[in-house]
Structure formats: C-alpha cells, structure tokens
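Submitted below is the structure of interest, expressed as structure tokens.
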Amino acid sequence: MVHLISGADADTVVIGAGVVGLAVARELAVAGTRVMVLEQHSNIGAETSSRNSQVIHAGLYYPTGSLKAQCCVKGKHLLYEFCARHGVDHQRLGKLIVATDKAQLPDLVRLQAQATANGVDDLVLMDAREVHQLEPELFCEGALYSPSTGIVDSHGLMMALQGSLEARGGEVVLRARVERVEQSGALFCLQMADGFQLTCRQLVVACGLYGVDVLKALAPRLKTKLPSRYYAKGNYFAHDGRVPFSHLVYPVPEPGGLGVHLTLDLGGQGRFGPDVEWLEVTSPEEIDYGVSQVRLERFYNAIRRYWPDLEAGSLRPDYTGVRPKVVPEGAPAADFQVLSPTDLGIEGLVAFAGIESPGLTAALSLAQLAADALKT
C-alpha cells in the first residue's frame, strides 16, 4: 500500500476519465494505490472514448514492435477477459477486410504477413466466391477474414472500470477541469479551473485532446519536448433500416485511417465511418463536432465499392469523433506515446499522447505500462 505523503491531497491523480485514464486508475487501485481521477466533463468518456467505432481490433495493421501492435494484441485478450468477467456487453463478430479491385489483392497478402508478424495468426484469406457465401450482398475480389475482431459497449466498459476502481477505494471527480500542472518540491500542483489547487505525489496525464495544454507549465523542466498536437475528425453516418451483413466490413486501409468501414452496434444497427477530415484549429475548444454533411456523397461512393446496392437517401448523419494526432496531415502514422518518468525527467509523472485507434482495444495493456512506469 502506498501511503499518503504529508501535505499531499492525493497519492496519485489521473487527469482524464476516458477509457485509458479509467483503466490506468483501476490498474493502480488494484495494486493498492489510492487514486483519484479528475474529469472536466459531467460524464466519463465524453470525448474520444465515446466517439469511435467501438471495435475490438485484432492488431493487424500496425508496425511490428510498435506500441500500437503490442498493446492492441495484448489488450484485445485482456479486454475480452475483462468484459466476460464484468458482464460488459460485447460480441466477437469477426470482420472482413475487402479488396474491391484485383490490384488490391496483394495488399491483403501483405496485411496478413504483417498481422502474423504481430502475433495474429488466425486470419483467413478468402476468394470472392467464399466471401459471397459468407456475405451474399458484399462485392469484392477477395477478403481477409479476422475472426477475433469484435465490438464492445464502450460506455458499459468505462462504467465497469469506474466501478472496479471505486470498489478499491478510488474515486472519480467530475466537472474538475485541470488548467495546468506545476511542481512544488516532490509534489505536483494542479491548478483547477475553479481556482482551487490540488496536490499529489504521482500524476498520470491521460486527457486525450488536452494533454499538451495541461503540461505546458512543466515544459521547461521536461527532459523530452512536449509532443505536437493535431486533430483529425472522423464523420459517421448511420443507415436507416437493417444492413444485410453480419460481420464488420473494412476496405483496404487508406492514409490516415482505416477507410469508411461498416460497423454494427450490439443491436445490429449499421454505421459507416469514420473518414479522415483534418481540422485547422488551435485548441480543442474550437472543434465543431457537427457531422460534415458535405462529405455524404463521398460516403456513398466509398461504400458502394463494396455494397453496390446501397440505396440513395438511406444514410443519415450520426456523430463525429476527433483523433488526437501527434503528426500533421501527410506524415507517416505515429505510434502511441507513453512518456515515462525517465522519458520526461520528472519522477512520478506519466503522460499519454497520440492515443487514437486502437486505443480502446489497447487500454488495459496501456494501463499496465503506465503502472509499471510509476514503479521504477
């Protein structure tokens, strides 16, 4: 058990009650740490964690050895186990990554090789006839089938993480916005938006779109330069009525994202997205979360490559999410950044940056990394 240092308001504070922040807090609480989570909104998971496809990814796409690859593959197993143990709604639907042009067939072979190198060895290459037997309405020249891909109730997952944390004495404080972080001796001083100050011995910054902002005051003391920040919006459109598919359907990946794919919610409702729309904003407060309806025609065109019978007028705006990027448009995709006390040069400080997809799948594995970093 870690004991509260005299003069500190909390042992460990986690800023951000998204899925990663809650997973980290729970991991620390399981180890016996008294932990407090601060969330600026009135609900947990109000931003990135609740504005995604709710997909449990298998770990196919990411460079071998990267944190994305390692934490996704490990996190997938941890997540399925956690959901089963805590009664979180989820389904292993499986997904088809489709080549809609014969020129894309070699991409499927390369993707299977990448997945195998990452430790995902259950993929099946299928020809057009085999795919048609599985999904008669789906058009493609071939596909890669991933049986371990699934979907999860992301809010139910976060509620379960919060419940597990609170059962071990942790707490989540809502409407608690941290403006900046400073240091006073061995303690971190959190300057709150309401004028109050909170002190702690250990600090985990897991506030997604806002992480760089709260750490700016510490920048001169950091060993590592703070990451740059960029924002890429993803628009989602829902389908009116039932879609004739029982698996998730993804196109071959595109720069910046995984293409306009079909996901199914736990009720079987179809949803398409996200696309990639880079935003020119200087702070998260400037983000417009409205669906960009001017992109609707692009959605129809993209979806009809694998579902030619999609009817005109059958899509409606649903919601959007924003990816916290650490590289600009046109740059190669960046890995997750889990900045440890050694990286930052400040004992007791861990910060996350660039936690986009597959952050939901990887959350429990990322939590273990953060907890281990605080032990050293």
Side-chain angles (χ1 to χ4, degrees), residues 45 48-58 83 88-101 104 126 128-157 233-254 257-277 288-322 357 360-361:
T48 308
S49 295
S50 61
R51 294 174 170 271
N52 55 59
S53 300
Q54 300 191 99
V55 171
I56 301 175
H57 289 286
C83 289
V88 178
D89 285 343
H90 67 288
Q91 292 180 20
R92 289 182 188 246
L93 293 179
K95 85 173 175 184
L96 292 161
I97 305 164
V98 297
T100 55
D101 187 294
Q104 293 179 322
M126 306 177 73
R129 180 186 59 81
E130 291 171 318
V131 175
H132 183 74
Q133 290 177 341
L134 197 63
E135 294 284 7
E137 299 295 321
L138 185 62
F139 169 80
C140 68
E141 299 292 344
L144 192 59
Y145 177 55
S146 170
S148 64
T149 300
I151 56 174
V152 62
D153 175 2
S154 61
H155 189 69
L157 170 62
K233 183 177 179 179
N235 296 274
Y236 289 86
F237 288 85
H239 183 265
D240 286 327
R242 304 285 290 190
V243 295
F245 303 107
S246 57
H247 299 81
L248 310 184
V249 179
Y250 279 55
V252 170
E254 63 180 33
L258 301 181
V260 175
H261 52 259
L262 162 68
T263 58
L264 302 169
D265 64 22
L266 290 162
Q269 182 70 34
R271 179 185 299 115
F272 294 93
D275 59 355
V276 182
E277 178 186 355
D288 177 6
Y289 282 96
V291 177
S292 302
Q293 297 199 53
V294 295
R295 306 176 79 84
L296 180 57
E297 192 60 33
R298 299 184 194 179
F299 269 71
Y300 277 110
N301 292 336
I303 297 164
R304 283 175 177 148
R305 292 173 191 160
Y306 56 82
W307 185 19
D309 293 335
L310 174 66
E311 296 181 358
S314 60
L315 298 181
R316 55 178 171 78
D318 199 0
Y319 64 94
T320 65
V322 175
S357 181
L360 178 66
T361 306

Quick one: list whatever passes side chain to side chain contact (heavy atoms under 4.5 Å, CB included) with Ala128, sequence neighbours left out.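 Counting only residues at least two positions away or on another chain, Ala128 forms no side chain to side chain contact (heavy atoms under 4.5 Å, CB included).
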Whether Arg304 side chain and Asp309 backbone form a donor-acceptor pair below 3.5 Å: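 A pair under 3.5 Å: no.
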Are Tyr236 and Tyr319 close enough that their ring centers fall under 6.0 Å?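 Yes, ring centres under 6.0 Å apart.
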Over all atoms of both residues, closest heavy-atom pair of Gly142 and Val131: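 Taking Gly142 first and Val131 second, the nearest heavy atoms are C-CG2, 4.5 Å.
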Contact summary for Gly45 and Ser50, nearest pair of heavy atoms: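 Scanning both residues, the minimum pair turns out to be O-OG, 2.6 Å.
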Go through the steps to decide whether Val291 and Asp318 satisfy the test side-chain contact (heavy atoms from CB on, under 4.5 Å), and finish with yes or no. CA-CA 7 Å; Val291 177; Asp318 199 0; 5.6 Å; no
Is any side-chain heavy atom of Ile56 less than 4.5 Å from a side-chain heavy atom of Thr149?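 No; the side chains remain at least 4.5 Å from each other.
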Counterpart residues, side chain to side chain contact (heavy atoms under 4.5 Å, CB included), relative to Ser246 (two or more places apart):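 Ser246 satisfies side chain to side chain contact (heavy atoms under 4.5 Å, CB included) with Glu135 only.
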Can you measure from OG (Ser146) to NZ (Lys95) and round to the nearest 0.5 angstrom?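 Rounded to the nearest 0.5 Å, the OG-NZ separation comes to 6.0 Å.
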What's the spacing between Asp101 CG and Arg305 CZ if we round to 0.5 Å?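 Spacing of CG (Asp101) from CZ (Arg305) equals 10.0 Å.
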Could you tell me whether the side chain of Arg316 reaches within less than 4.5 Å of the side chain of Asp240, counting heavy atoms only?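 Of all side-chain heavy-atom pairs linking Arg316 with Asp240, at least one is under 4.5 Å.
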Does atom CD of Glu130 have more than 12 heavy-atom neighbours from other groups under 6.0 Å away?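 Yes, enclosed.
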Can you tell me how far the CG atom of Leu248 sits from the CG atom of Leu262, to the nearest 0.5 Å?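 Answer rounded to 0.5 Å: 7.0 Å.
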Do Arg271's NZ or CZ and the ring of Phe237 fall within the cation-pi criteria of under 6.0 Å and 45°?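 Relative to the ring axis of Phe237, which defines the angle, Arg271 lies outside at least one limit.
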Spacing of OG belonging to Ser154 relative to NE2 belonging to His90, to within rounding of 0.5 Å: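 One gets 14.0 Å once the value is rounded to the nearest 0.5 Å.
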Please check: side-chain N/O of Thr320 versus main-chain N/O of Tyr289, any donor-acceptor pairing under 3.5 Å?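 Such a contact is found between Thr320 side chain and Tyr289 backbone.
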Phe272 side chain near Trp307 side chain, heavy-atom distance below 4.5 Å: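 With C-beta onward as the side chain, the pair touches.
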Search all heavy atoms of Leu266 against all heavy atoms of Val152 and return the closest pair with its distance.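 That would be CD1-C, 4.4 Å.
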So do the side chains of Leu296 and Leu315 get within less than 4.5 Å of each other, counting heavy atoms only?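 A side-chain contact under 4.5 Å exists here.
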Could you check if a side-chain atom of Phe139 sits within less than 4.5 angstrom of a side-chain atom of Pro308, using non-hydrogen atoms only?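 Yes. Closest side-chain heavy atoms under 4.5 Å.
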How about Tyr145 and His247: are their ring centroids closer than 6.0 Å?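 Ring-ring flag for Tyr145/His247: true, centres closer than 6.0 Å.
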Let me confirm one number: the OH-CZ distance from Tyr300 to Arg295, rounded to the nearest 0.5 Å.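 Rounded to the nearest 0.5 Å, the OH-CZ separation comes out at 16.0 Å.
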State, yes or no, whether a side-chain contact exists between Ser148 and Arg92 at a heavy-atom distance under 4.5 Å.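 Counting from C-beta outward, Ser148 and Arg92 do come under 4.5 Å.
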Please report the shortest heavy-atom distance between Val249 and His261, naming the atom on each side.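 Heavy atoms only, the tightest pair is O-CB, 3.1 Å.
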Given side chain to side chain donor-acceptor pair (under 3.5 Å), test Thr263 with Gln54 step by step and report yes or no. CA-CA 8 Å; Thr263 58; Gln54 300 191 99; over 6 Å; no
Could you pull out the closest heavy-atom pair between Asn235 and Phe299, with the gap in Å?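 It is O-CZ, 3.2 Å.
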Identify the two heavy atoms, one from Ile151 and one from Leu264, that lie closest to each other, and give their separation to 0.1 Å.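 Where Ile151 meets Leu264 most closely, the heavy atoms are CD1-O, 3.1 Å.
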Is any side-chain heavy atom of Val322 closer than 4.5 Å to one of Thr48?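 With C-beta onward as the side chain, the pair stays apart.
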Let me confirm one number: the NE2-CD distance from His132 to Glu137, rounded to the nearest 0.5 Å.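 Here the interatomic distance stands at 8.0 Å.
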Give me the ring orientation class for Tyr250 and His57: parallel if the planes are under 30° apart, tilted from 30 to 60°, perpendicular past 60°.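 Correct class here is perpendicular.
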Looking at Asp275 and Arg298, does any basic side-chain N land under 4.0 Å from a carboxylate oxygen?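 No.
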